[in-house]
Amino acid sequence: MMIASVIVDVPAKQTDRAFDYRIPEQLKHVIQPGMRVVVPFGPRKIQGFVVGIKEKSDFDKLKSIVEPMDLSPVLNHELLQLGDWLTEQTLCYKISAFQVMLPAALKAKYDKKIRLANGYDVEILPLELQDLFCRNETILWADAVEKGILPLLQREASRGTVEVVYEVKERVKKKKLKHVFSKLTGNELSQAIQQLPANAAKQKEVIEYFIERPEPVELREILSALEISSATIKGLVQKGILGEKDMEVYRDPFAHREFQRTEPFPLTNEQEKAIGPILDSIEEKKQHVFLLYGVTGSGKTEVYLQSIQRVLQEGKEAIFLIPEISLTPQMVKRFKGRFGDQVAVLHSGLSTGEKYDEWRKIQRKEVKVVVGARSAIYAPFENIGIIIIDEEHETSYKQEENPRYHARDVAIERGRYHKCPVILGSATPSLETFARAQKSVYGLLTLSKRMNDQQLPTVQIIDMREELREGNRSMFSRFLLDKLKDRLEKKQQTVLFLNKRGHSSFIMCRDCGYVVNCPHCDISLTYHRFSQQMKCHYCGYEDSVPTTCPECNSEHIRYFGTGTQKVEEELGKILPEARVIRMDVDTTSRKGAHEKLLNEFEQGKADILLGTQMIAKGLDFPNITLVGVLSADTMLHLPDFRSSEKTFQLLTQVSGRAGRHELPGEVVIQTYTPEHYSIELAGEQDYDRFYDREMMIRKLHQYPPFYYISLITVSHENLMKVVSVTEKITHFISSKLSKDSIVLGPVASSIPRINNRYRYQCLIKYKREPRLGEAIKTVLDQYQQEINTNGLQISVDVNPYILM
DNA sequence: AGCACGCCGACT
DNA sequence: GTCGGCGTGCTC
């Protein structure tokens, strides 16, 4: 007898193990590891992943697999193994690890239904129910609740006349469209033409079409191609010459778009030198991690493209990761232009169905290259020749929910399996990566010159305190304003960057300084002009803006902080002639809006592009000669050890937008802390000195890359409970680790309360601690009961990116 | 996660 | 005496 080990779709500690199921005889040759199956679990039917097949089980009352959900495995051997690794690394459930590797469309949904039990007739039911069950075979549980007939049904269920059934349903269907095909051979078709009446010109045209191209064709396509109506086709179908059938098609997010083919550019000396070791590594089939450290505009992309080209020549596949925010149409264009329809694109702008289709193209080996954001690292290729992570330092590569993985780590793990190079590219590498390159753990490849020998833009740092002292209360320094006017005159373009993170608009009383906080979370409410409301970004609480201060009754209570709208307004006042395009969450939420706005800017329909994070990357327009950063230091003051690094990276990225082509670029950075090294050195665009400086601080405070960190966050409604549990956990972990490790806690989280739940943390810093995972698992086991029943939550983040 | 089983309080 | 509360433990 064949038995399948199945990981069931129940994300809980107690079910985080394989359950054994009998494989029915007729499925003996169908069921394979990596397939999704429907299995009975307790009283219901749920989805599961087959992880192994064996002949014996320790369990003797096995149930049988109900049915397979796939024709072929959705997870190959490597990905199953990778799932185990993910579970180990991030301490997540197996089922979560598998699900994160697949498109959302493959995640099961469940229906709970009620139907007449076997052997009973509708007659036996009370009258109210008879009608219902005459019309429907089953009734959705949710409908029954709504109709208020649940008690009735429950009574019947206890009599045994109706029963509850659970069904697993697929989330998306494969898209099918009507196709037309020829039922006859070429010769037979030619004969058929003869037999048609003389006035059937259109029908003859259709038959000729099929003589030339005998394969099935989409109905819509042939209708428009031959300019005929569906009646023509219908006639031929009735004559038995053509047939109609529904065939699967891909949703194509890039339909009706032409991508201009591009050829490889000749490489500069520097590029040539950088690509050498990569090509060697491809050839030697050796795992090797490289840091491609190249200033903005130094031509990293061309190195990527030509490396991928070599991989394709070897008959292998390539994964190219890029942060969601810079996964712009521009970037897609470059890849599609070079590699045509060998490219699949995966990003959050696609619908569930579109993502699923792109994923299937990969699985069916119809494409060779994947360009995508974080989760594209799990592309189901089987013969990977290179993995590239562009903008390696970006925080979006870390997933902030379970499984809390970093795409870089997954890339290196997959590279190990496929024995292929992994390229990490950045102008401002994360300290971890640069440190590893310095220690030769990673190969260091440097591009120090911009293409065509353009100069890096000149950077001017403006002290806004000085401006204030001299009576300028506007958000534009006089220097920046002059520059703006200058560009308007010269008809050159400007990018204005507003760093909003950590500093959104809040409501404050100007008399007593009272700030309106969320009643459920310890965080200020954000002002939304659109709805004239205040909103909590953590729990969704909403309220209208008070007219008087609840503390001092003053009427001088209003919103504070700088939003893009406010900047736009002020621009309108001081530079009324300037045409401004604003890009933020509000103006880009609609699908395609992002692209549209950028296109308008590119075509010169505006002088100033004003925006937040989303314009920091990827913009590459020749006419941009000025970049202004309105508030450089807003995120410098976040309680995070990476805040200096992030500030430096962001400022450097933004500066890189200026002067990428013939015209020289200029950058103006406004700040209240010009003396801070991350701002000063971003101004000098000196990564190396920033690195040295920041490394000293990291060493001093025992942070990465000198120490690894893990973060345990405990939350509960009761403050005392949280503190005492965190206290115990801290104690326990501390007792299990070597004395070189540092265990900090209990400490209130930087957002001490979210949704009325208090949050405390235990931070662990260590150099080598092989037993830490074990210790954390013990903690989770210990508190299992309270987690299940008492509403206690304990979350673990190994190598957290944000300490929140 | 769901759900059944089982042991204690307030009702017909 | 029973209906129903939610603590406890199980699901191949």
Side-chain angles (χ1 to χ4, degrees), chain A residues 1-25 27-28 31-69 80 87 91-100 104 106-115 117 140-145 148 150-160 162-169 171 401-403 716-718 721 780-795:
Chain A
M1 187 176 62
M2 295 302 256
I3 290 158
S5 291
V6 174
I7 300 289
V8 293
D9 181 20
V10 181
K13 182 105 208 198
Q14 291 137 301
T15 50
D16 187 33
R17 62 192 172 88
F19 287 81
D20 290 346
Y21 286 89
R22 197 173 20 225
I23 302 176
E25 195 58 27
L27 293 178
K28 204 166 70 181
I31 303 294
Q32 294 165 47
M35 266 186 185
R36 297 174 307 149
V37 287
V38 176
V39 291
F41 196 65
R44 49 204 177 122
K45 289 192 182 69
I46 59 173
Q47 189 193 60
F49 286 86
V50 177
V51 289
I53 291 187
K54 53 189 184 179
E55 296 198 353
K56 274 210 178 85
S57 172
D58 300 337
F59 199 83
D60 54 3
K61 284 176 294 213
L62 293 183
K63 291 186 184 174
S64 285
I65 288 178
V66 176
E67 62 186 15
M69 293 180 70
L80 280 173
T87 311
L91 303 172
C92 70
Y93 302 132
K94 279 259 155 64
I95 189 70
S96 316
F98 291 147
Q99 268 163 3
V100 82
L106 294 185
K107 193 176 168 178
K109 274 189 152 183
Y110 300 97
D111 266 346
K112 188 177 180 182
K113 298 173 170 175
I114 304 152
R115 71 166 180 223
L140 283 177
W141 181 274
D143 288 349
V145 174
L150 207 54
L152 220 55
L153 286 166
Q154 271 169 338
R155 200 169 326 134
E156 291 306 310
S158 60
R159 276 172 65 196
V162 298
E163 60 188 1
V164 178
V165 283
Y166 299 87
E167 268 174 25
V168 181
K169 57 174 183 182
R171 273 184 127 197
E401 60 200 62
N402 281 329
H716 191 266
E717 288 176 359
N718 183 323
K721 181 82 204 166
L780 291 175
D781 274 341
Q782 207 118 62
Y783 287 97
Q784 191 52 46
Q785 215 138 11
E786 291 202 60
I787 289 170
N788 287 341
T789 60
N790 193 13
L792 186 72
Q793 273 178 26
I794 301 179
S795 84

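Convention: sequence-line order gives letters A, B, ...; per-chain numbering from 1. Since the model is a prediction, treat every value here as computed from it, not as a measurement.
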*asked:* If you compare all heavy atoms of A:Pro11 against all heavy atoms of A:Ile95, which two are closest, and at what distance to 0.1 Å?
replied: CA-CG2, 3.9 Å

_Is_stacked (A:Phe19, C:dC12) at 5.5 Å, 30 deg_ = no

Is there a side-chain contact between [X] and [Y] in this structure, where contact means two heavy atoms from C-beta onward sitting under 4.5 Å apart?
{"X": "A:Glu167", "Y": "A:Val38", "value": "no"}
{"X": "A:Leu80", "Y": "A:Phe98", "value": "yes"}
{"X": "A:Tyr21", "Y": "A:Ser57", "value": "no"}
{"X": "A:Gln47", "Y": "A:Tyr110", "value": "yes"}
{"X": "A:Pro43", "Y": "A:Val164", "value": "no"}
{"X": "A:Met2", "Y": "A:Ile53", "value": "yes"}

*With a non-hydrogen cut-off below 4.0 angstrom, is A:Lys13 in contact with a base, only sugar-phosphate, or nothing?*
nothing

*asked:* Categorize A:Tyr93 for me: base, sugar-phosphate, or nothing, with a 4.0 angstrom heavy-atom threshold over every strand shown.
replied: nothing

Nearest-Å distance, [atom1] ([X]) to [atom2] ([N])?
{"X": "A:Arg17", "N": "C:dT11", "atom1": "CZ", "atom2": "P", "value": "8 Å"}
{"X": "A:Gln785", "N": "C:dC10", "atom1": "CD", "atom2": "C1'", "value": "14 Å"}
{"X": "A:Lys61", "N": "C:dT11", "atom1": "NZ", "atom2": "C1'", "value": "12 Å"}
{"X": "A:Glu786", "N": "C:dT8", "atom1": "CD", "atom2": "C1'", "value": "15 Å"}

_Of the listed nucleotides C:dT8, C:dC10, C:dC12, the one nearest the side chain of A:Asp20_ = C:dC12

*Calculate, to the nearest 0.5 Å, the distance between atoms OG1 and NZ belonging to A:Thr87 and A:Lys94 respectively.*
5.0 Å

*Is the shortest side-chain N to carboxylate O distance from A:Asp781 to A:Lys13 below 4.0 Å?*
yes

*asked:* Just to be sure I understand the geometry, which residues of residues 36-57 of chain A put a non-hydrogen atom under 4.0 Å away from DNA chain C?
replied: A:Pro40, A:Phe41, A:Gly42

*Going 5' to 3' along DNA chain B, which nucleotides are the first and last within contact of chain A (any atom under 4.0 Å from a heavy atom)?*
B:dA1 to B:dC3

*Can a side chain N or O of A:Lys63 be found less than 4.0 Å away from OP1 or OP2 on C:dC12?*
yes

